[in-house]
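Note sheet for the following structure.
The first residue of the sequence shown is numbered 1, and numbering continues consecutively from there. Please read these numbers as outputs of a predicted model, since none were measured by experiment.
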Amino acid sequence: MVFHDGVTTLTTLPAPSPASTPTALPHPLPAVAGARLLLIAIRRMGAHGLNDAHVAQTFIAAFGQGFRRPLVLARSFMAELAATATTTIAIAPCCCARMTWAEGALIDAVGNAERRPDTARLLLADLMAERRADAITASAAALSVAFADLGLPIGG
């Protein structure tokens, strides 16, 4: 994902070899449907941009007529993440059956943002290598609430 300043902050990893899977992709896919949907959005938007049509279609299928709110909030979250991160955030290709440590931290942070904002803030600050993570934590909380309101909570 490249923004106006020309800095790429989200990068897609190449498909891993079986020998490197345990270290490159340490986390299994989330068991909760809402978290899996968020992971798809993170991977697709990170690789193909904020206006990826596949993400929009997936949100329409998952949320029905109420898809706009979580879609706009997911786009806002990803844009803010890319704009404020001071380091590269590794995301795996959509076909991977496991998650990178960064994807796991993102899913955990968004899942905890509403109930445990301090935990989410620490996770996001570490992930972005940025001390101030209040704004992105608020975006994560709004995204988490939107998913929960429409029946697909991110936290388990």
Between A102 and A90 the two heavy atoms that sit nearest each other are CB-O, 3.4 Å
List the atom of L152, the atom of A62, and the distance in Å for their closest heavy-atom pair.
-> CD1-CB, 3.9 Å
If every non-hydrogen atom of G155 is compared with every non-hydrogen atom of V32, which pair is closest and at what distance?
-> O-CG1, 4.5 Å
Distance from I136 atom CD1 to L81 atom CG, nearest 0.5 Å?
-> 4.5 Å
Indicate, with yes or no, if F59 and I40 share a hydrophobic cluster defined by side-chain heavy-atom contacts under 4.5 Å among Ile, Leu, Val, Met, Phe, Trp and Tyr.
-> no
d(T88 OG1, M128 CE) to nearest 0.5 Å is 13.5 Å
Check: A92 main-chain N/O paired with T100 side-chain donor or acceptor under 3.5 Å = no
So do L37 and F147 actually touch side chain to side chain, heavy atoms under 4.5 Å?
-> yes
Does any non-hydrogen side-chain atom of E130 lie less than 4.5 Å from one of L124?
-> no
Hydrophobic cluster identity match, L122 and L127, side-chain contacts under 4.5 Å | no
Quick check: does any side chain N or O of S139 sit under 3.5 Å from a backbone N or O of L73, one acting as donor and the other as acceptor?
-> no
Kindly give the heavy-atom pair with the smallest separation between G46 and M78, and that separation in Å.
-> N-CE, 4.0 Å
What heavy-atom pair brings E103 and M99 nearest, and what distance separates the two atoms?
-> OE1-CA, 3.2 Å
Reported CG-to-CZ distance for the pair L71 and R68, which is rounded to 0.5 angstrom | 9.5 Å
First locate atom NE2 of H27, then atom CG of D108, and finally report the distance between them rounded to the nearest 0.5 Å.
-> 7.5 Å
Evaluate side chain to side chain contact (heavy atoms under 4.5 Å, CB included) for R69 paired with D149, printing each intermediate quantity in order.
-> CA-CA 10 Å; R69 180 174 158 222; D149 287 350; 3.0 Å; yes
Interatomic distance, OG1@T137 vs CZ@R121, rounded to 0.5 Å, equals 5.5 Å
Report whether V145 and I42 are members of the same hydrophobic cluster (ILVMFWY, side-chain heavy atoms less than 4.5 Å apart, transitive linking).
-> no
Atom of I91, atom of A47 and distance for their closest heavy-atom approach | CD1-N, 4.0 Å
Side chain of R43, backbone of C96: donor and acceptor closer than 3.5 Å?
-> yes
Mind checking the CZ-CD1 spacing from R36 to I107? Nearest 0.5 Å is all I need.
-> 11.0 Å
Flag, side chain of R98 to backbone of L25, donor-acceptor distance under 3.5 Å = yes
Linking I/L/V/M/F/W/Y whenever any side-chain heavy atoms sit under 4.5 Å apart, do I89 and W101 land together?
-> yes
Is it true that F63 and L50 fall in one hydrophobic cluster, defined by side-chain heavy atoms closer than 4.5 Å?
-> yes
If we only count heavy atoms from C-beta on, is the R115 to S144 side-chain gap below 4.5 Å?
-> no
